[in-house]
Number of protein chains: 2
Amino acid sequence: MRIGKVAERAGVSVRALRYYEEQGLVIADRSPSGHRQYPESAVERVKFIQLLYAAGLTSKAIRQILPFLETLVATPQMTRRLTDERARIRGQIDALTRAHDRLEELIRLAAEYENSPATCSPSADVTASHTSPPRH
Amino acid sequence: MRIGKVAERAGVSVRALRYYEEQGLVIADRSPSGHRQYPESAVERVKFIQLLYAAGLTSKAIRQILPFLETLVATPQMTRRLTDERARIRGQIDALTRAHDRLEELIRLAAEYENSPATCSPSADVTASHTSPPRH
DNA sequence: CTAGAACCTCACGTCAACGTGAGGATCAAG
DNA sequence: CTTGATCCTCACGTTGACGTGAGGTTCTAG
């Protein structure tokens with residue numbers, strides 16, 4: 001399969017695929033004329049790479065994890081990398097969840113204002129990081 | 001309060017605080033000599049800014065949301081911004097959760113391999129290791 | 001009074017994951 | 001055979017949130 005088709009099916013740009021090769025994340029055969037030739041499996045591989053990128057992993061971190069997919073051989077270092085990244089992602093989810101909850105709180109206040117602008121509490125400490133009190 | 005103290009208490013760098021001012025996220029008085037003077041509330045404000053940065057908001061997005069904290073006046077656009085960002089964060093949490101689950105799956109496979117490498121790989125040459133050998 | 005800590009303003013450097021031409025070769029269809 | 005789509009390799013540009021000096025002023029403790 002050629003690069004354009006892989007890009008289309010994996011939902012990434014052609015440039016991204018060339019970049020992934022440059023980073024050692026995908027390997028492509030070459031036709032006699034120099035065009036990249038990908039196996040079918042490349043599509044799933046690229047999708048997985050995208051998943052990890054979306055989770056905040058760097059090219060380097062992905063490159064260190066990818067060999068496990070092929071060999072399924074888990075060295076202690078490999079296990080360590082996997083669990084480390086899992087921990088990082090958990091932390092990231094926590095941070096996002098905190099931000100989400102704070103925004104939700106603000107959205108609730110906004111809704112209260114839209115329902116009755118005149119009666120809104122004048123000095124709620126909106127920046128404080130306490131959790132909202134139990135609503136009855 | 002001066003910039004160094006605010007930085008320390010909010011857990012950010014002095015440079016970051018100057019950058020936030022440049023971006024219009026915090027306002028600081030100036031002493032006659034030109035040193036920035038922050039109110040106590042600046043610490044919480046900066047922590048909130050950091051929370052939003054950590055959730056992937058840009059300076060611009062934060063700048064558009066911050067006025068709501070002071071006025072508590074919710075225009076339709078403000079409500080829109082808040083809910084839009086909440087949606088974005090939810091999407092981000094979803095993506096992270098998918099990556100997390102996928103890593104967990106790999107970690108499970110790695111653990112299986114470490115428990116019985118022979119069933120995963122033909123080469124059973126186990127050199128001296130401090131990990132506990134398989135007990136019959 | 002003096003030294004060092006803390007502050008100031010430029011202004012260039014960084015890093016990652018690509019985007020965006022430039023300039024040219026190759027492929028697929030009519 | 002030609003033409004338009006697709007591909008190639010450089011190689012510089014982009015974006016965001018700061019880092020990092022350079023060169024100079026101000027504050028504060030002894």
Side-chain angles (χ1 to χ4, degrees), chain A residues 1-39 42-43 45-66 85 88-89 92 95-96 99, chain B residues 1-39 42-43 45-66 85 88-89 92 95-96 99:
Chain A
M1 194 171 13
R2 294 197 315 186
I3 195 170
K5 197 71 182 175
V6 177
E8 181 190 344
R9 296 217 292 169
V12 304
S13 71
V14 165
R15 175 69 174 101
L17 290 180
R18 298 206 184 102
Y19 176 73
Y20 297 165
E21 182 175 345
E22 187 183 324
Q23 296 297 309
L25 305 183
V26 290
I27 32 169
D29 277 354
R30 294 305 180 108
S31 76
S33 61
H35 288 191
R36 291 174 177 80
Q37 287 294 335
Y38 295 86
V43 174
R45 186 180 179 95
V46 169
K47 282 183 181 173
F48 180 67
I49 291 173
Q50 279 289 110
L51 186 76
L52 296 185
Y53 270 132
L57 277 79
T58 66
S59 294
K60 183 181 173 187
I62 296 175
R63 184 171 51 239
Q64 289 176 332
I65 284 179
L66 279 177
E85 288 301 339
R88 220 190 42 72
I89 291 175
Q92 192 61 24
L96 283 166
Chain B
M1 195 170 12
R2 295 197 315 187
I3 194 170
K5 197 71 183 173
V6 176
E8 181 191 344
R9 297 217 291 169
V12 303
S13 70
V14 166
R15 175 68 173 101
L17 290 180
R18 297 206 185 101
Y19 176 73
Y20 297 165
E21 182 175 344
E22 187 183 324
Q23 295 298 308
L25 305 183
V26 290
I27 32 169
D29 278 355
R30 294 304 180 110
S31 76
S33 62
H35 288 189
R36 290 173 178 80
Q37 286 295 335
Y38 295 86
V43 174
R45 186 180 179 97
V46 168
K47 282 183 181 175
F48 181 67
I49 292 172
Q50 279 289 108
L51 186 76
L52 296 185
Y53 270 131
L57 276 79
T58 66
S59 294
K60 183 180 172 187
I62 296 175
R63 184 171 52 240
Q64 289 176 332
I65 284 179
L66 280 177
E85 289 300 339
R88 220 189 41 73
I89 291 175
Q92 192 61 25
L96 284 166

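Only a predicted model underlies this, so the values are computations on that prediction, with no experimental measurement involved.
Put simply, CD on E8(A) is 10 Å from P on dC7(D), counting in whole angstrom units. Between I3(B) atom CD1 and dC18(D) atom C1' the separation is 13 Å, expressed in whole Å. Following rounding to the nearest Å, I49(B) (CD1) and dC18(D) (P) show an atom-to-atom distance of 10 Å. Taking atom CD of E22(B) as the reference point, atom C1' of dG16(D) lies 12 Å away to the nearest angstrom. Distance R18(B) CZ to dC7(C) C1': 7 Å, rounded to the nearest Å.
In terms of phosphate contacts, R30(A) brings a side-chain nitrogen or oxygen within less than 4.0 Å of OP1 or OP2 of dT9(D). A sub-4.0 Å separation between OP1 or OP2 of dC8(C) and a side-chain N or O of R36(B) is present.
Not counting sequence neighbours, R18(A) has no partner by the side-chain hydrogen bond (donor to acceptor under 3.5 Å, both in side chains) test. Take A95(A) and apply the side chain to side chain contact (heavy atoms under 4.5 Å, CB included) test, not counting sequence neighbours, and it matches R98(A). Evaluation of the side-chain hydrogen bond (donor to acceptor under 3.5 Å, both in side chains) rule for Y20(A) yields Q50(A) as partners, not counting sequence neighbours. For L52(A), the side chain to side chain contact (heavy atoms under 4.5 Å, CB included) partners two or more places apart in sequence, or in a different chain, are F48(A), L57(A), I62(A).
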message = With side-chain contact (heavy atoms from CB on, under 4.5 Å) as the criterion, how do V46(A) and V26(A) come out once you've worked through the C-alpha distance, each side chain's angles and the decisive distance to 0.1 Å?
response = CA-CA 8 Å; V46(A) 169; V26(A) 290; 4.1 Å; yes

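Within the structure, side-chain hydrogen bond (donor to acceptor under 3.5 Å, both in side chains) contacts touching residues 53-63 of chain B (residues at least two apart or in different chains) are Y53(B)-S59(B). The list of salt bridge (charged side-chain N to carboxylate O under 4.0 Å, His left out) pairs with a residue in residues 30-39 of chain B, not counting sequence neighbours, reads E21(B)-R30(B), E21(B)-R36(B).
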Under 3.5 Å, which protein N or O atoms sit close to an N or O of nucleotides 18-21 of chain C? Give each pair with its distance.
unit_1	atom_1	unit_2	atom_2	d
dC18(C)	OP2	Y20(A)	OH	3.0
dG19(C)	OP2	S13(A)	OG	2.7
dG19(C)	N7	R15(A)	NE	3.2
dG19(C)	O6	R15(A)	NH2	3.1
dT20(C)	O4	R15(A)	NE	3.2

Between protein and nucleic acid, restricted to nucleotides 24-28 of chain C and to nitrogen or oxygen atoms under 3.5 Å apart, what atom pairs and distances do you find?
unit_1	atom_1	unit_2	atom_2	d
dT26(C)	O3'	S33(A)	OG	3.4
dC27(C)	OP1	S33(A)	OG	2.8

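Across all their heavy atoms, I89(B) and L96(A) have their closest contact at CG2-O, 3.5 Å.
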List, one per line, each side-chain donor-acceptor pair under 3.5 Å for residues 6-13 of chain B, sequence neighbours excluded.
unit_1	atom_1	unit_2	atom_2	d
R9(B)	NH2	E40(B)	OE1	2.6
S13(B)	OG	A16(B)	N	3.0

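If L57(B) and Y38(A) are placed on DNA chain D by their nearest nucleotide, the residue sitting closer to the 5' end is Y38(A).
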